[in-house]
Q: 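A single structure is presented below for examination.
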Amino acid sequence: MVAKFITVEGTEGVGKTTNINFIKSWLRQNEIKFVATREPGGTPLAEEIRDLLLKPRDELVVSSAELLLMFAGRAQHLNKVILPALQADTWVLCDRFTDATYAYQGFGRQMSSELIVQLENIVQGDIRPDLTLLLDIPVEIGLERANDRGDPDRFEQEQQDFFNRVRAGYLSLANENSDRYVVIDASQELQGVQTDIALALDTFYKSLGHE
Ligand code: TMP
């Protein structure tokens with residue numbers, strides 16, 4: 001497939017929305033046809049699953065139910081949006097993907113990574129992102145920013161320990177998958193963050209044979 005699959009990851013409050021808008025303008029400038037989407041979500045059904053996952057509730061959501069709901073939404077999203085786009089030579093820019101499952105359900109909830117590997121293989125076959133930009137920020141700074149955004153969702157209600165594990169998890173995923181990961185220091189001024197993102201995108205694009 002010539003079209004590429006780019007994902008953006010990070011803990012709460014790293015500035016994903018602003019920086020995804022920046023990536024969209026980079027794609028437009030390079031006249032690359034793309035769809036922008038997100039997980040959990042991305043189709044009407046998967047967005048309903050997202051609502052189920054994010055809504056704070058009194059009933060404790062067991063980790064295996066959370067994990068299976070993530071992959072249920074992903075199966076729908078992958079088959080209805082991501083694969084059709086890639087097959088039509090359209091790039092996909094996705095706000096989170098399976099690395100978030102390794103980070104949040106694997107490291108955060110401490111679920112077995114072998115189980116996640118199995119589900120990933122069942123749901124995705126050999127589809128993996130081509131480039132993953134990890135926006136990295138110390139947890140305290142991110143949580144402060146996220147707290148300014150109003151009512152916390154079910155994940156945002158977690159304690160700092162949980163997010164420390166998620167962040168460490170992301171950094172170890174970046175280390176293990178250094179062929180496709182670029183870690184961006186998102187604690188800098190926005191301009192510095194975006195300079196680094198543009199550099200990562202330019203380098204990736206050049207590696208595909210473009211000038
Ligand atoms: P968002 O805040 O980036 O929109 O994502 C919603 C939440 O879902 C966020 O707290 C991370 C969480 N999440 C997981 O726990 N596992 C996953 O596989 C994905 C995609 C998201």
Side-chain angles (χ1 to χ4, degrees), residues 5-21 23-24 36-43 45-57 60-78 80-82 92-113 115-124 127-129 132-137 139 141-173 177 184 186:
F5 180 20
I6 301 178
T7 58
V8 180
E9 300 281 354
T11 47
E12 326 305 298
V14 285
K16 270 193 299 113
T17 310
T18 311
N19 289 307
I20 282 174
N21 285 334
I23 299 169
K24 287 183 195 168
T37 185
R38 68 171 180 183
E39 290 219 348
T43 82
L45 172 62
E47 288 289 329
E48 285 187 39
I49 296 174
R50 177 190 176 90
D51 291 343
L52 291 174
L53 279 160
L54 296 196
K55 184 177 147 203
R57 58 182 76 239
L60 177 84
V61 179
V62 296
S63 299
S64 53
E66 184 177 284
L67 177 68
L68 292 169
L69 283 169
M70 288 294 175
F71 272 106
R74 183 160 300 137
Q76 188 70 12
H77 184 215
L78 189 71
K80 289 293 207 186
V81 175
I82 298 176
V92 175
L93 172 62
C94 195
D95 179 346
R96 299 193 187 281
F97 195 61
T98 307
D99 290 310
T101 309
Y102 283 103
Y104 283 78
Q105 281 66 52
F107 289 87
R109 303 274 189 238
Q110 298 174 306
M111 295 206 73
S112 131
S113 63
L115 178 58
I116 303 176
V117 169
Q118 283 178 14
L119 290 167
E120 181 180 37
N121 290 333
I122 292 168
V123 169
Q124 294 169 221
I127 297 291
R128 301 287 181 278
T132 299
L133 299 174
L134 172 61
L135 302 176
D136 180 59
I137 203 173
V139 168
I141 304 178
L143 287 179
E144 244 170 60
R145 289 193 195 164
N147 286 340
D148 291 341
R149 292 197 296 235
D151 290 343
D153 66 32
R154 198 172 57 80
F155 288 97
E156 289 165 348
Q157 288 178 337
E158 287 297 330
Q159 302 302 310
Q160 191 164 329
D161 278 8
F162 175 83
F163 294 109
N164 287 337
R165 289 197 298 277
V166 173
R167 182 186 183 206
Y170 269 132
L171 290 171
S172 94
L173 288 165
N177 299 283
I184 307 284

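Indexing begins at 1, ligand by ligand and atom by atom, following the structure's order.
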Q: Under 4.0 Å from any heavy atom of R50, which atoms of ligand 1 are there?
A: 1 (P), 4 (O)

Q: Within ligand 1, which atoms have a heavy atom of R74 less than 4.0 Å away?
A: 18 (O), 20 (C)

Q: Can you tell me the protein heavy atom closest to atom 19 (C) of ligand 1 and the distance?
A: A100 CB, 3.5 Å

Q: Applying a heavy-atom cut-off of 4.0 Å, say which part of L53 lies close to ligand 1: side chain, backbone, both or neither.
A: neither

Q: Going by the side chain to side chain contact (heavy atoms under 4.5 Å, CB included) test, name the single residue among D136, L135, D99, T132 that passes it with Y170.
A: D99

Q: Is R165 positioned over the aromatic face of F162, cation under 6.0 angstrom from the ring centre and no more than 45 degrees off axis?
A: no

Q: Could you point out which residue of E39, R50, R38 forms a side-chain hydrogen bond (donor to acceptor under 3.5 Å, both in side chains) with H77?
A: E39

Q: To the nearest 0.5 angstrom, please state how far the CZ atom of F5 sits from the CG atom of L78.
A: 7.0 Å

Q: What is the nearest protein non-hydrogen atom to atom 17 (C) of ligand 1, stated with its residue, atom name and distance?
A: M70 SD, 3.3 Å

Q: Using a strict cut-off of 4.0 Å, indicate which atoms of ligand 1 neighbour a heavy atom of E39.
A: 20 (C)

Q: Quick one: look at P40 and ligand 1, take heavy-atom pairs under 4.0 Å, and tell me if it's side chain, backbone, both or neither.
A: both

Q: Just verifying a value: how many Å separate L53 CG and D153 CG, rounded to the nearest 0.5 Å?
A: 10.0 Å

Q: Hey, does the side chain of E9 reach the backbone of R96 with a donor-acceptor pair shorter than 3.5 angstrom?
A: no

Q: What is the nearest protein non-hydrogen atom to atom 6 (C) of ligand 1, stated with its residue, atom name and distance?
A: L54 CD2, 3.8 Å

Q: Who gets closest to atom 16 (N) of ligand 1 by heavy atom: Q105, R154, R109, R149?
A: Q105

Q: Looking only at the side chains, is there a donor atom on one of Y102 and E120 sitting less than 3.5 Å from an acceptor on the other?
A: yes

Q: Show which atoms of ligand 1 fall inside a sub-4.0 Å distance from at least one heavy-atom site of K16.
A: 1 (P), 3 (O)

Q: Using modelled atom types only, decide if a donor and an acceptor are shared between the side chain of R154 and the backbone of L52 within a distance under 3.5 Å.
A: no

Q: Any side-chain heavy atom of N19 within less than 4.5 Å of one from I184?
A: no

Q: Counting each atom of ligand 1 from 1 as listed, which ones have a heavy atom of T101 under 4.0 Å away?
A: 17 (C), 18 (O)

Q: For ligand 1, does E156 get within less than 4.0 Å through its side chain, its backbone, both, or neither, judged by non-hydrogen atoms?
A: neither

Q: What protein heavy atom lies closest to atom 5 (O) of ligand 1? Include the residue and the distance to one decimal.
A: R96 NE, 3.2 Å

Q: Test of understanding: given a 4.0 Å heavy-atom threshold, classify the contact between R38 and ligand 1 as side chain, backbone, both, or neither.
A: neither

Q: Which distance, rounded to the nearest 0.5 Å, do you find between the CD1 of I49 and the OG1 of T43?
A: 7.0 Å

Q: Output yes when the distance from some N or O of ligand 1 to some N or O of D153 is under 3.5 Å, and no in every other case.
A: no

